[in-house]
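Predicted model, so just to flag it, every value in this text is computed and none were measured. In what follows, chains are A, B, ... by sequence order, proteins preceding strands, each numbered from 1.
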Amino acid sequence: MDTPNTTPAGNFVRDIIDGDLASGKHQTIITRFPPEPNGYLHIGHAKSICLNFGLALSYKGRCNLRFDDTNPIKEEQEYIDSIKNDVRWLGFSWGQTEFYASDYFEQLYEYAVHLIKAGHAYVDDLNADQIREYRGTLTEPGKNSPHRDRSIEENLDLFERMRNGEFPDGSKVLRAKIDMASPNINMRDPVMYRILHAHHHRTGDTWCLYPTYDWAHGQSDSIEGITHSICTLEFEDHRPLYNWFLDNLPVTSHPQQIEFARLELTYTVMSKRKLLLLVKDGHVAGWDDPRMPTISGLRRRGYTPEAIRTFCDRIGVAKRKDSTIEISFLEDCLREDLNKRALRVMAVLDPIKVVIDNYPEDKTEEFETVNNPEDESMGSRRVPFSREVYIERDDFQEEPHKKFFRLAPGREVRLKGAYFITCTNVVKDSAGNITELHCTYDPESKGGETPDGRKVKGTLHWVSAKHAVDAEVRLYDHLFREIDPNKAPDGQDFTSNLNPDSLRTLTHCKVEPGLADASPGNRFQFLRQGYFCVDSIDSKPGRLVFNRTVSLRDTWSKLQKQ
RNA sequence: UGGGGCGUAGCCAAGCGGUAAGGCACCGGCCUUUGGAGCCGGCAUUCGCAGGUUCGAAUCCUGCCGCCCCAGCCA
């Protein structure tokens, strides 16, 4: 496993930790990453993972992986497996500290009994609608439930019978007795337990009442001795409740909850609910569709864990809300990483045939070409050349734009690593479409340089026609066409902003022969075009499928728009 | 009209009373057998606004404005 770097920039969380260490409040730190196994992890989770595991690494502390599995209705083993796989792939390990909130159900139950005995919790018979009515509103205080003052004995009896399955779903809840008039709605006698006769993926049918997040989370943190419990901003309002529970329980550890801003990206949605909907309704091929912001989607797309970690380091950690990172920033971190490590190869996505009239009919040459100009240690390879080659249709203009310096009638360009060629003739079909180009080459320009040292402005990638291997290439664009997909027209939801062109499939692309035995997951730079990887699901020997991970920066396309 | 937060460049983000880091984007130039990469330079007289304190304020105080979150038996 590669080792994440551990020299992150400063941020307010580190300031808090530094203070706690300096004051002697803590000798070391223990953080946790607490996903609910109700979906696949996405890039937003990666931010939290990098933060929590990164902090542990940096302070030589520990980070627990804890599944927050308190809602059996939404959770599945498949999600647990994918989450573990993704965290590992990102480069982090949790050693022996793999926990489940469900491991603490018995302890939590005992804590609840403690609260009841102390007069701090009661069983309520109000139904969900009634509880909502009694809760009041943002501006009006709530009112006490008629069952709020039951005796401790009655509460104890009822609570035990709830556990024993004597009551149907929704008929009773256990509530903390705090303050129905609190300006903080979370403090208006929050529900601690609800009755759910549901099968839990780990505890099976042993429980029919399940703790809520508020009741389970802080106590789980405390049980694990978490020092800093880092969560997202929407839990700021819950912090008083988090503290209230711990203050009223016989615990020895009282973790500090710290909130930071969750990650948002332009042109994408980040809520698990919405991602689930995209999968369930078939808008994408699955959680690992290369257009998804999920870790598994990014992985299949060709992202590297290093690029994702670099991204998480660079975006920083702060409390500023409504901050949305431009997705191009993520792509840039990727390019930077891939530039250093990707093997350069030649692939023609939209081929047009070039016939070099003065090149011998049956001759084949091989040219040595460097695998990565950024890294000599990656060596070189030989690519075959012959009389007929494919070049990119885009690399020829019959009437060239003033700033276009690729091939055009009468113009000389370089075929990368091979020869200079000059276009002498354009062949068209009856509809006027260009079907073939005829060129001559300069034998003196072998390797791409001439004895007279003359320059050409353009260098094109190419593939020898008779040696070319066919491939399918999938070009991806943003899944959504709106910068903020959540801003949908009246009466429509975010799916109305789906980009109909987010996937373009190209068949019969021509790639250099060496690629024939590329393995799933292998990454390449297709010269002058972008980074591509062999699709891990659909690519098979004899039927190559590449995903475009990200295009190269394209100055030419900017010029064209001017 | 309740409570909790946040406002530093197009996007992130440092800064914590001593005169605005860094990254991305953008704009110039150099270099280049990828219009890639790389290199060099530029890019906030100003920190939401208005007052106040101070020799000195993005940093402290007061008031105002804007935005986000909260009324699940979701997390």
Query raised in the report: For A:D332 and A:Q529, take the nucleotide of RNA chain B holding the closest heavy atom to each; which residue's nucleotide lies nearer the 5' end?
Result: A:D332
Query raised in the report: Pick the nucleotide of RNA chain B nearest each of A:G448 and A:P35; which residue has the one closer to the 5' end?
Result: A:G448
Taking pairing as Watson-Crick or G-U wobble with both contacts under 3.5 Å, can you name the mate of [N], or confirm there isn't one?
N: B:C26; value: B:G42
N: B:C6; value: B:G66
N: B:A57; value: none
N: B:U34; value: none
N: B:A71; value: none
N: B:G17; value: none

Query - Residue-phosphate contact under 4.0 Å: A:R188 side-chain N/O, B:C70 OP1/OP2 - result: no
Requested in this report: Establish, with yes or no, whether the OP1 or OP2 oxygen of B:C74 is under 4.0 angstrom from a side-chain nitrogen or oxygen of A:K272.
Outcome: no
Query raised in the report: With sugar-phosphate meaning primed atoms plus P, OP1 and OP2, does A:D15 contact a base, only sugar-phosphate, or nothing at under 4.0 Å between heavy atoms?
Result: base
Query raised in the report: Reckon A:T137 touches a base, only the sugar-phosphate, or nothing at all at heavy-atom distances under 4.0 Å?
Result: base
Ignoring hydrogens and angles, are the base of [N] and the side chain of [X] linked by a donor-acceptor pair under 3.5 Å?
X: A:E374; N: B:G36; value: yes
X: A:D237; N: B:G3; value: yes
X: A:R406; N: B:G35; value: yes

Mind checking whether [X] and [Y] have ring centres under 6.0 Å apart?
X: A:F367; Y: A:Y419; result: yes
X: A:F245; Y: A:Y111; result: no
X: A:H42; Y: A:W287; result: no

Query raised in the report: For B:G48, is chi within 90° of 0 (syn) or not (anti)?
Result: anti
Report summary line: Closest heavy-atom pair, A:K446 versus A:E365, reported as atoms and distance to 0.1 Å, is NZ-OE1, 2.9 Å
**Report entry** Note: A:E392-A:R528 ion pair, threshold 4.0 Å (strictly below)
**Finding:** no
Query raised in the report: Which one, B:G2, B:C12, B:C73, comes nearest to the side chain of A:T139?
Result: B:G2
